Number of protein chains: 2
Amino acid sequence: MAKRNGSSTLSENVTKKLRSDILAGQYEPGSPLTVSELAKGFDVSVAVVREALTRLATQGLVLQNPNYGFSVKTASEEELNNIIQARSLNESEALRLSIAHGDLTWESNVIALHHKLSQTPEFKESNQKLAVREEWSCIHRQFHYELIAACPNPVLLDICRRLWDLSEFYRHYSPPQQQVRDGRAEHKALTDAVLGRDSDRAVEIFKAHIRLTADILFDNR
Amino acid sequence: MAKRNGSSTLSENVTKKLRSDILAGQYEPGSPLTVSELAKGFDVSVAVVREALTRLATQGLVLQNPNYGFSVKTASEEELNNIIQARSLNESEALRLSIAHGDLTWESNVIALHHKLSQTPEFKESNQKLAVREEWSCIHRQFHYELIAACPNPVLLDICRRLWDLSEFYRHYSPPQQQVRDGRAEHKALTDAVLGRDSDRAVEIFKAHIRLTADILFDNR
DNA sequence: TATATTTACAAAATCGATTCTTATATATAT
DNA sequence: ATATATATAAGAATCGATTTTGTAAATATA
């Protein structure tokens with residue numbers, strides 16, 4: 001850090017790094033984020049870190065208690081359900097609109113990303129336990145985002161993006177998955193429905209897909 | 001400003017003031033928000049204003065161009081339509097959930113706020129033109145928020161709150177209304193449907209209500 | 001004249017230091 | 001023993017100054 005490259009700002013860079021660190025599970029949920037410590041770690045001033053934390057707090061990934069400082073967002077099954085419900089609502093609608101408006105280029109991108117996703121391993125063996133690979137995580141996100149990318153409503157897309165971040169948070173922090181389901185089949189079916197312009201079916205599959213994700217995370221049966 | 005009261009922070013206060021100023025139409029859409037000027041105006045340091053602007057930028061009321069500064073959000077008919085679409089989706093769902101979960105206290109609050117709203121004049125004559133009264137604006141907001149207050153999903157409610165701010169922005173900045181419709185009848189019908197626990201009807205009225213609001217603002221026929 | 005380079009300036013971004021808050025520990029009083 | 005008051009230290013919030021960036025005017029170059 002400490003040096004600016006091109007036209008970006010330190011605040012922007014620190015915000016991105018901090019966000020991806022939090023989403024990648026670098027910090028425990030609820031653990032304090034001390035401004036001065038982070039500033040030392042990133043080798044920037046407190047103002048920069050403060051601005052980054054303020055951004056993340058407004059987005060809900062970080063909590064802010066006035067005069068008490070910042071902490072990583074906490075996790076609860078109840079909140080995950082609420083996030084899934086909101087995502088289900090907004091991403092389904094975005095998906096419908098995307099299917100209705102997508103052109104050939106969009107179709108091609110969906111196919112390309114589905115292929116990429118299907119060829120990328122989801123887990124890695126590290127220290128006896130399964131860990132989600134960051135690369136897969138990234139492609140998975142791109143795939144889901146591409147599905148709704150043709151939605152012509154940026155306001156809706158922005159909501160979807162933020163809700164995605166919130167669910168992504170849970171993917172890394174929750175108790176380790178008991179079962180490993182085959183997401184590949186679901187992604188394939190979803191892609192087929194989308195390319196076949198079958199909105200109802202695509203939405204149906206999508207809703208089941210994210211519902212199941214939540215269930216597995218907290219091991220509901 | 002310059003002095004802190006109780007447990008709140010300067011940043012919080014400035015954020016609130018700035019937000020309500022923007023929503024009340026104090027600044028032109030797209031006009032620059034110079035940090036140092038605002039700091040002088042509020043009698044605080046630049047850091048405080050910067051933090052406030054960062055928050056508002058993350059919420060979409062302010063635009064931020066890296067190394068170029070902040071400006072008030074711009075307004076377009078297209079964006080208003082997108083906001084209305086997102087609001088329609090989220091607030092309708094929140095309304096359904098609220099109607100399904102609301103208890104007696106909630107019912108009473110809805111009745112109380114509807115009464116208050118119905119007894120408050122919407123416009124005031126100032127310099128030949130109609131201006132929205134801030135007091136009405138505030139009660140109107142409270143009324144709509146109370147309708148969905150019993151929704152048990154805070155994530156959804158937060159989305160609704162933000163989208164409300166974005167539409168509120170348009171209420172003050174758009175070209176002056178040609179026609180003055182009677183919102184009272186609509187609010188009455190909406191309240192009746194809600195208290196009668198008729199979700200479908202309530203949502204139907206609500207959607208028409210906000211659709212009409214957008215149409216009038218940009219004078220669509 | 002048109003284009004490129006330099007300079008000057010205003011405002012943004014960043015910094016390091018100072019002032020406030022809160023929580024904890026210690027002391028004093030009931 | 002419990003409650004209240006005081007001291008202290010860690011960290012948040014704020015400040016004013018410094019550095020960097022982008023814009024526009026001025027100058028130089030083709």
Side-chain angles (χ1 to χ4, degrees), chain A residues 1-19 21-22 26-74, chain B residues 1-19 21-22 26-74:
Chain A
M1 234 32 94
K3 202 73 217 119
R4 250 171 300 179
N5 52 337
S7 158
S8 67
T9 61
L10 284 178
S11 288
E12 279 186 313
N13 298 336
V14 171
T15 304
K16 278 183 197 156
K17 183 70 172 75
L18 216 42
R19 190 199 337 261
D21 281 356
I22 291 173
Q26 294 288 112
Y27 308 95
E28 279 301 301
S31 64
L33 293 165
T34 310
V35 177
S36 50
E37 269 181 28
L38 289 169
K40 217 183 297 176
F42 285 121
D43 192 22
V44 295
S45 76
V46 291
V48 170
V49 172
R50 207 140 213 301
E51 193 160 319
L53 288 172
T54 301
R55 279 206 190 90
L56 296 175
T58 310
Q59 290 170 9
L61 291 176
V62 160
L63 301 177
Q64 178 169 26
N65 280 39
N67 291 320
Y68 189 77
F70 301 87
S71 55
V72 178
K73 145 181 179 30
T74 53
Chain B
M1 243 16 102
K3 203 71 216 120
R4 251 171 298 178
N5 51 336
S7 158
S8 67
T9 62
L10 283 177
S11 288
E12 279 186 313
N13 298 336
V14 171
T15 304
K16 276 183 198 157
K17 183 72 171 77
L18 215 42
R19 191 205 330 268
D21 281 356
I22 290 173
Q26 292 290 111
Y27 308 95
E28 278 302 299
S31 64
L33 293 165
T34 309
V35 177
S36 50
E37 268 182 29
L38 290 170
K40 216 182 298 177
F42 285 121
D43 192 22
V44 296
S45 76
V46 291
V48 170
V49 172
R50 209 142 211 300
E51 195 161 317
L53 288 172
T54 301
R55 278 206 189 90
L56 296 175
T58 310
Q59 290 170 10
L61 290 177
V62 159
L63 301 177
Q64 178 169 25
N65 280 38
N67 291 321
Y68 187 77
F70 301 87
S71 55
V72 178
K73 152 181 175 26
T74 54

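Basis for what follows: all heavy atoms, side chains included, without hydrogens, waters or symmetry-related copies. Per chain, numbering begins at 1; letters A, B, ... match sequence-line order. Keep in mind the model is a prediction, meaning the values are calculated, not measured.
Put simply, NZ on A/K40 is 13 Å from P on C/dA17, counting in whole angstrom units. B/E51 has its CD atom 11 Å from the P atom of D/dC15, to the nearest Å. Rounded to whole angstrom, the span from the CZ atom of A/F70 across to the C1' atom of D/dA12 amounts to 9 Å.
Contact annotation: B/S45 reaches the phosphate of D/dC15 (side-chain N/O to OP1 or OP2, under 4.0 Å). Regarding contacts with the backbone of D/dT14, a side-chain N or O of B/S11 is found under 4.0 angstrom from either OP1 or OP2. Between C/dT22 and A/N67, a contact under 4.0 Å exists linking OP1 or OP2 to a side-chain N or O.
Rounding to the nearest 0.5 Å gives a distance of 7.5 Å between CD1 of B/I22 and CG of B/L53. With rounding to the nearest 0.5 Å, the separation of CG in A/L18 from OH in A/Y27 is 5.0 Å.
Here C/dT14 is the nucleotide among D/dT14, D/dC15, C/dT14 with the atom lying nearest to any side-chain atom of A/L10. Proximity note for A/V44 (side chain, C-beta onward) versus D/dT14, D/dT23, C/dC15: the nearest is C/dC15. Distances were taken from every side-chain heavy atom of A/A47 (C-beta onward) to each of C/dA12, C/dA23, C/dC15; the shortest belongs to C/dC15.
Qualifying side chain to side chain contact (heavy atoms under 4.5 Å, CB included) partners for B/V46, counting only residues two or more places apart in sequence or in other chains: B/V35, B/A39.
Comparing A/V48 and A/Y68 against DNA chain C, the residue whose closest nucleotide sits nearer the 5' end is A/V48. Comparing B/V35 and A/V46 by the nucleotide of DNA chain C that holds the closest heavy atom to each, the one mapping nearer the 5' end is B/V35.
What you find for A/G60 and A/K73 is that their closest heavy atoms are O-CD, 3.1 Å.
Searching all strands for a Watson-Crick or G-U wobble partner of C/dT30 with both distances below 3.5 Å returns D/dA1.
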